[in-house]
Amino acid sequence: MENYLKQLNDPQKQAVLQTEGPVMIIAGAGSGKTRVLTYRIANLIRKGVDPFNIIALTFTNKAAKEMRNRIESVVGHEARNLWMGTFHSIFAKILRMEADKLGYPSHFTIYDSDDSKSLIKSILKEMQIDDKIYKPGMILGRISNAKNNLITAGMYQTDEEVNAYDSSTGRPELGKIYKVYEERCFKAGAMDFDDLLLKTYQLITKFPDVLNKYQHKFKYMMVDEYQDTNHCQFMIIKKLAAVHQNICVVGDDAQSIYSFRGATIKNILSFESEYSDLKIFKLEQNYRSTQVIVNASGGIIKNNKDQLQKKVWTSNATGDKIKVLKAINDNEEGRFVAQAIFDEKMEKQLPNSAFAILYRTNAQSRSFEEALRKLNVPYRIFGGMSFYQRKEIKDFVAYLRLVINNNDEEALKRIINYPVRGIGQTTIDRLILYAGQNNLSFWEVIQRVREYPELRAAASKITDFAIMIQSFGELRKTHNAYELAAYIAKATGLLKFLNEDKTIEGISRYENMVALLNGIKEFVEDDTNEQEKTLENYLQDIALLTDTDKDDPNADKVTLMTIHGSKGLEFPVVFIGGMEENLFPSQMSLGNRKELEEERRLFYVALTRAELKIYLSYATSRFKFGTLLPCEPSRFLDEIDKEFLDIDRRFATATPLSTNNSDKNGDTYSKPSAWMKTAANKPAPFTKPALKPLPQAIENFVPDNTSGLKEGMNVEHQRFGLGMVKKIEGDGDSRKATVLFNEYGEKQLVLKFAKLRLV
DNA sequence: TACTAAGCTCTTTTT
DNA sequence: GAGCTTAGTA
């Protein structure tokens with residue numbers, strides 16, 4: 001113990017030794033936060049605290065795993081009994097044990113956002129609500145937001161302010177949809193990600209004995225990345241810590257980047273007012289980065305209004321300046337970055353794994369991937385489509401889910417006709433309809449399929465399917481997860497079906513399927529943890545797994561990921577791509593101080609990942625909607641003190657930002673300087689002109705009308721409005737017309753399908 | 001009911 | 001440029 005205390009600086013040591021009472025540790029980037037947390041827990045165990053009474057909550061499985069390993073290396077295998085994991089996984093564990101109190105089965109399904117969205121889509125369809133106005137993603141966002149603020153569907157529906165808002169945006173039915181969504185999840189025995197938090201809160205507020213049990217169990221609580229907790233998480237933590245008050249939160253307000261997920265920086269900014277006897281420790285020495293990086297990033301974050309005072313410093317070497325690369329488009333940007341990696345590797349003799357390319361949006365990864373492939377630089381990409389989101393994987397996992405939880409509606413919908421067994425959309429729609437009408441789950445309707453005359457045609461097929469699923473359920477009693485999964489893969493014909501497709505994509509789908517089966521095998525054979533090797537436990541594991549978690553740190557590859565995904569990681573050399581106004585900062589954050597400040601924190605996170613050197617790159621034009629649009633350099637480039645920059649000589653000198661603008665809340669915010677936004681360079685606005693209403697008589701467009709079409713004629717298109725035919729080429733069905741539309745410019749249309757009318 | 005081709009609509013970030 | 005929906009065909 002004394003040995004490792006020697007490795008700590010003063011504030012770190014104090015933070016470790018202050019084990020009693022509420023503690024807040026403000027830890028700047030690279031200040032040894034994980035080390036402090038690790039030693040704090042190790043110290044508690046050394047003092048004789050039972051690991052069983054310590055809970056440590058993190059945001060990612062990876063952070064939890066890393067911390068567990070490090071604690072284990074200090075205190076040994078005793079660390080295994082710690083309650084350590086993500087909010088979602090720890091709460092899921094508690095919920096499974098107490099599920100019956102909430103009327104849920106202990107083997108409840110966890111819906112991922114795809115499932116949630118799909119459920120919302122079918123609810124909209126059943127309620128005959130227009131999904132153009134009620135966009136599923138947006139509805140899910142509203143529901144998620146409500147849940148994170150502890151607002152249930154019932155409360156949502158009776159809240160006048162919320163209703164007034166929804167009505168004013170033309171969506172008065174939102175409360176109703178939320179209610180139906182809540183009921184359907186319950187009937188399906190499913191919880192979405194937000195439910196894992198909300199239901200935990202409900203559990204401990206509605207059942208005092210449960211609260212009491214966990215309050216006494218968790219004598220010492222620790223929360224990592226506290227700046228990213230939302231209101232619901234805060235309330236749970238507060239309640240659980242109420243008895244012992246030994247709550248330690250660790251975070252950095254400057255790295256709060258998840259407000260879109262309901263995280264509120266308020267939690268960390270006002271933690272002090274929650275506990276009068278709070279001890280605050282500030283870790284301000286950065287051990288990770290060079291002086292250039294520390295000072296440049298510190299200069300950036302200084303522009304934010306919402307922040308706690310701290311002075312991050314380092315005694316590391318000065319280091320290289322930040323290099324700015326200017327490219328004409330995204331492909332050239334990719335080439336520049338790949339080439340720079342190649343050169344740095346040679347010059348500094350670094351492995352591939354020393355490099356990370358970070359970007360604002362997942363869509364930006366393509367050009368970097370292509371360029372790296374061309375130079376034969378191995379890379380690994382996170383985000384985008386994860387393994388468990390692939391269709392073939394989700395389909396198979398749906399079988400497993402359905403076997404465990406027959407009521408899982410989303411799983412059932414996925415596979416009832418996959419592989420095709422003659423149960424078409426009409427039949428499925430009817431099943432859902434009857435389920436709703438009779439207040440039954442989807443599965444229960446299937447059980448009684450013969451009671452509905454309209455379903456008679458498909459009845460035997462449906463029954464066969466149900467019997468098959470039930471037979472799998474029987475096998476569960478005698479077989480482990482792997483044996484059962486392998487059997488299902490064969491019995492359903494899925495494995496064979498995938499193996500028959502010899503296209504490149506088909507082969508990859510088959511390989512993925514095999515990889516999944518191997519994964520289940522590994523799960524069964526893995527004896528490093530004591531949990532039973534049941535299918536339930538396997539599903540529980542993968543439901544909360546993200547692809548950042550299956551990182552193989554030994555592979556020597558360049559890392560590509562979003563900035564959000566990079567939180568908590570570090571790399572010797574970091575590339576930040578797409579440093580363009582409207583992309584980073586995102587267009588959506590402009591004109592609102594708080595959102596712009598979050599973008600700035602995001603930039604801060606990106607910069608502080610680097611140990612030795614940073615490259616910033618931007619393109620002067622980029623494809624959006626298949627159109628090449630001109631881009632201007634990001635205002636963030638402007639905010640970096642020039643003394644830290646190694647600017648490409650073509651990089652224009654910027655004029656200072658004006659700060660005398662204010663948004664509707666009266667907050668001032670900076671606007672891009674004039675040189676960024678000259679009228680000629682301004683990107684085309686994204687809002688498309690509204691289509692003029694069509695006269696009654698021409699509502700139905702008949703493709704045949706175009707047979708007499710000639711160059712120079714005026715036409716009207718259903719979507720593009722009025723225009724003039726410029727050119728006609730080809731013959732027969734492939735006849736094409738180039739039409740110049742008043743509002744959309746030139747479009748090429750295949751006349752066989754064009755919805756045109758002569759004017 | 002199943003399959004295919006054309007049309008339409010997006011673009012933040014994720015446990 | 002991709003994923004999803006719609007319309008048309010077998």
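Proteins get letters first, then strands, A, B, ... in listed order; numbering begins at 1 in each.
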Which nucleotide wins on minimum distance to the side chain of A:R366, given the candidates C:dG1, C:dT5, B:dT11?
C:dG1

5′-ward residue of the pair A:I423/A:M588 relative to DNA chain B
A:I423

Contact class for A:K135 (heavy atom, under 4.0 Å): base, sugar-phosphate, or nothing?
sugar-phosphate

Measuring only the P atom in each nucleotide, how far is B:dT13 from C:dC4? A whole number of Å is fine.
15 Å

What's A:N417 touching, base or sugar-phosphate or nothing? Going by heavy atoms closer than 4.0 Å.
sugar-phosphate

Side-chain N or O of A:N61 versus OP1/OP2 of B:dT15: is the shortest distance under 4.0 Å?
no

A:Q364 CD to B:dT11 C1', in whole Å, measures 11 Å

If you only use heavy atoms from C-beta on, which nucleotide in B:dT11, B:dT15, B:dT13 is closest to the side chain of A:T361?
B:dT13

Hey, is the side chain of A:T562 poking within less than 4.0 Å of OP1 or OP2 on B:dT14, counting only N and O atoms?
yes

Is it true that the side chains of A:N329 and A:S621 contain a donor and an acceptor less than 3.5 Å apart?
no

Round to the nearest Å and state the distance from A:F87 atom CZ to B:dT14 atom P.
19 Å

N or O in side chain of A:S586 less than 4.0 angstrom from B:dT13 OP1/OP2:
no

For the side chain of A:V420, counting heavy atoms from C-beta on, which of B:dT13, B:dC3, C:dG1 is nearest?
B:dC3

When you check the side-chain N and O atoms of A:E333 and A:S617, is any donor under 3.5 Å from an acceptor?
yes

Across the strands shown, which category fits A:T426 at heavy-atom distances under 4.0 angstrom: base, sugar-phosphate, nothing?
sugar-phosphate

Protein-nucleotide distance (A:L431, atom CG; B:dT1, atom P), rounded to Å
11 Å

Could you give the OH-to-C1' distance, from A:Y604 to B:dT13, as a whole number of Å?
20 Å

Residues from residues 228-237 of chain A sitting under 4.0 Å of DNA chain B, heavy atoms only?
none

Crowded around A:K117 NZ? As in, over 12 foreign heavy atoms under 6.0 Å?
no

Measure from NZ on A:K461 to P on B:dA2 and round the result to the nearest Å.
8 Å

Can A:Q540 and A:R96 be counted as having a side-chain donor-acceptor contact under 3.5 angstrom?
yes

Within the structure shown, what part of the strands sits under 4.0 Å from A:F59 by heavy-atom distance: base, sugar-phosphate, or nothing?
sugar-phosphate

Using whole Å, report how far CZ of A:F623 lies from C1' of C:dA2.
15 Å

If the condition is side chain to side chain contact (heavy atoms under 4.5 Å, CB included), which residues does A:E182 pass it with, not counting sequence neighbours?
A:T152, A:A153, A:Y178, A:K179

Whichever of A:F193 and A:A458 has its nearest DNA chain B nucleotide further upstream toward 5':
A:A458

From the candidates C:dG1, B:dT11, B:dT15, the one with an atom nearest any side-chain atom of A:T86 is B:dT15

Nearest-Å distance, CG (A:L569) to C1' (B:dT14)?
14 Å

Got a donor-acceptor contact below 3.5 angstrom from the A:E597 side chain to the A:D306 backbone?
yes

Should A:T427 be listed as having a side-chain N or O under 4.0 Å from OP1 or OP2 of B:dT1?
yes

Does A:N148 make a side-chain N or O approach to OP1 or OP2 of B:dT15 shorter than 4.0 Å?
no

Considering only C:dT5, B:dT14, B:dT15, which nucleotide approaches the side chain of A:N362 most closely?
B:dT14

From CG of A:D114 over to P of C:dC4, roughly how many Å is that when rounded to an integer?
9 Å

Take atom CZ of A:F260 as the centre, draw a 6.0 Å sphere, and report whether it contains more than 12 heavy atoms from other residues, nucleotides or ligands.
yes

List for me each residue that meets side chain to side chain donor-acceptor pair (under 3.5 Å) alongside A:T86, sequence neighbours excluded, and say none if there are none.
A:S89

Has A:R261 got its NZ or CZ under 6.0 Å from the middle of the six-membered ring of A:Y258, at an angle within 45 degrees of the ring axis?
yes

State whether the aromatic ring of A:Y258 stacks on the base of B:dT14, taking stacking to mean ring centres under 5.5 Å apart and ring planes under 30° to each other.
no

